[in-house]
Amino acid sequence: MSSKLKLFAGVTAVAAASFAFPALAQDETVIDLTTATGVSPATAEILNTMLFLIGGFLVMWMAAGFAMLEMGLVRKKNASMQGLKNIALYSVGGIMFWFTGYNLMYTGVDGGFMGSFGPYVFPGPGMDDGSAGYSVASDWFFQMVFCATTASIVSGTVAERIKFWPFMIFTVVLTGILYPITGSWQWGGGWLAEMGFSDFAGSTLVHSVGGWAALAGALVLGARTGKYGADGSVHPMPGSNIPLAVLGTFILWLGWFGFNGASQLAIGSIADAGDVSKIFVNTNLAAAAGAVVAMILLQIVYKKVDVTMVLNGALAGLVSITAEPLTPSVPAALFIGGIGGVIVIVVVPLLDKLKIDDVVGAIPVHLIAGIWGTFIVPLTNDGTSFGTQIIGIVSIGVFTFVASLIVWFILKAVMGIRVSPEEEADGLDKSEVGVEAYPEFM
């Protein structure tokens, strides 16, 4: 008998013995495996912790998706800059969320407008007793990767003409102050939570917040040189690497299962496990609907199927379902995600008419689809109302947009936020990074 077969036989024997002669700890519960609906409290705490950790590293992997998507959709002379910004914003966002973001979002909100400033203090080794229902460090990690996602949204919109250090200073403010404050209003038990506002995994609290900050940055920064003609014409500036952008989109799609699924926040019962599973299904179907609707509309309107618009259609479907991925039926999930695809096809040319230069399409995908997804929650969740959803959308939007405008204007006045025309023409890889992504093609 081979060693692998011996090992299998040994494991099988142990498992059989365990079922034949169960020896349960005092805090465990005897479960009928044919009708099991729960586990012991200790086991539930471990399972909940694992949900946070697995969901957290899936959302962390979305940072790679954002980086690849953005590097693929910018011109080759700016690809290194996008890679640098994405690894930098993830690093800075994580530190800021520990330094003050988590406490500002969750500690002492109590129905108000923000929590408390200061670093988060983790339990010492062996000191986490699980009284929260999970490891508190796993919760912090899961919440942190959401914070970093918000900054990634801004990075793509303002690409190809922004200076590195002003962008990083804005990232410090966004991840350490602005995102945690609006997050506290609902997820931290603040005033919107008291009103009954609902945003399950962050169509508004993550995606629209990033979208509002990106819109403010695009307005203050201005369009790329040569993007719009004096006669109102739009000059396309194609991305450098479509295969990389496609891979980035699939990575984001995969990460979204952690983003939405782990936002169930519990998997200690078969009911929770079933809900997490349904969230996976709805998330996947909404993304698929966004992509398919975008393909059909592109063929009808433009007679060609632009792959970059289809990528954004899938992402808009994902953003749309994020506010409520559990309660929709399959037809409802397809409808919600499909409207995300419509939003991309309508809003991308609208932004060009308004001469708002959004390099990767983050504003329609994250801001507008985020608004849509949050607004439509009462269609399938009767515990919410359209009025309350609108109040949440508007209040978070106004606060984030105005605060972001102020920060961008201050940065522009104090240190400047835009590279010179010569540096923009040469590419930010040369002027800001010093490492060209594709030196052999320059």
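Numbers for residues simply follow the sequence, beginning at 1. Small disclaimer: the values here were computed from a predicted structure and weren't measured.
Residues that satisfy the salt bridge (charged side-chain N to carboxylate O under 4.0 Å, His left out) test with Arg75, not counting sequence neighbours, are Glu160. Annotation: side-chain contact (heavy atoms from CB on, under 4.5 Å) contacts of Ile95 (sequence neighbours excluded): none. Shown here are the ring-ring contact (aromatic ring centres under 6.0 Å, His included) partners of Phe259, two or more places apart in sequence or in another chain: Phe146, His207, Trp256. Here Ser431 pairs with Glu423, Leu428 under the side-chain contact (heavy atoms from CB on, under 4.5 Å) rule; sequence neighbours left out. Take Phe52 and apply the ring-ring contact (aromatic ring centres under 6.0 Å, His included) test, not counting sequence neighbours, and it matches Tyr134, Phe142. Phe409 pairs by the ring-ring contact (aromatic ring centres under 6.0 Å, His included) definition with nothing, not counting sequence neighbours.
Looking at Pro119 and Asn103, their side chains never come closer than 4.5 Å, going by heavy atoms from C-beta outward.
Results of the ring-ring contact (aromatic ring centres under 6.0 Å, His included) test with Tyr102 over Tyr120, Trp187, Phe117 single out Tyr120 as the only residue that passes. The only option from Phe197, Phe399, Trp185 that meets the ring-ring contact (aromatic ring centres under 6.0 Å, His included) definition with Trp191 turns out to be Trp185. Tested against Phe170 for a ring-ring contact (aromatic ring centres under 6.0 Å, His included), the candidates Trp165, Tyr179, Trp408 yield a single pass: Trp408.
Electrostatic pairing of Asp429 and Lys77 does not count as a salt bridge here, judged by no charged N lying under 4.0 Å from a carboxylate O.
Because its NZ or CZ atom is both nearer than 6.0 Å to the ring centre of Phe167 and within 45° of the ring axis, Lys85 counts as a cation-pi partner of that residue.
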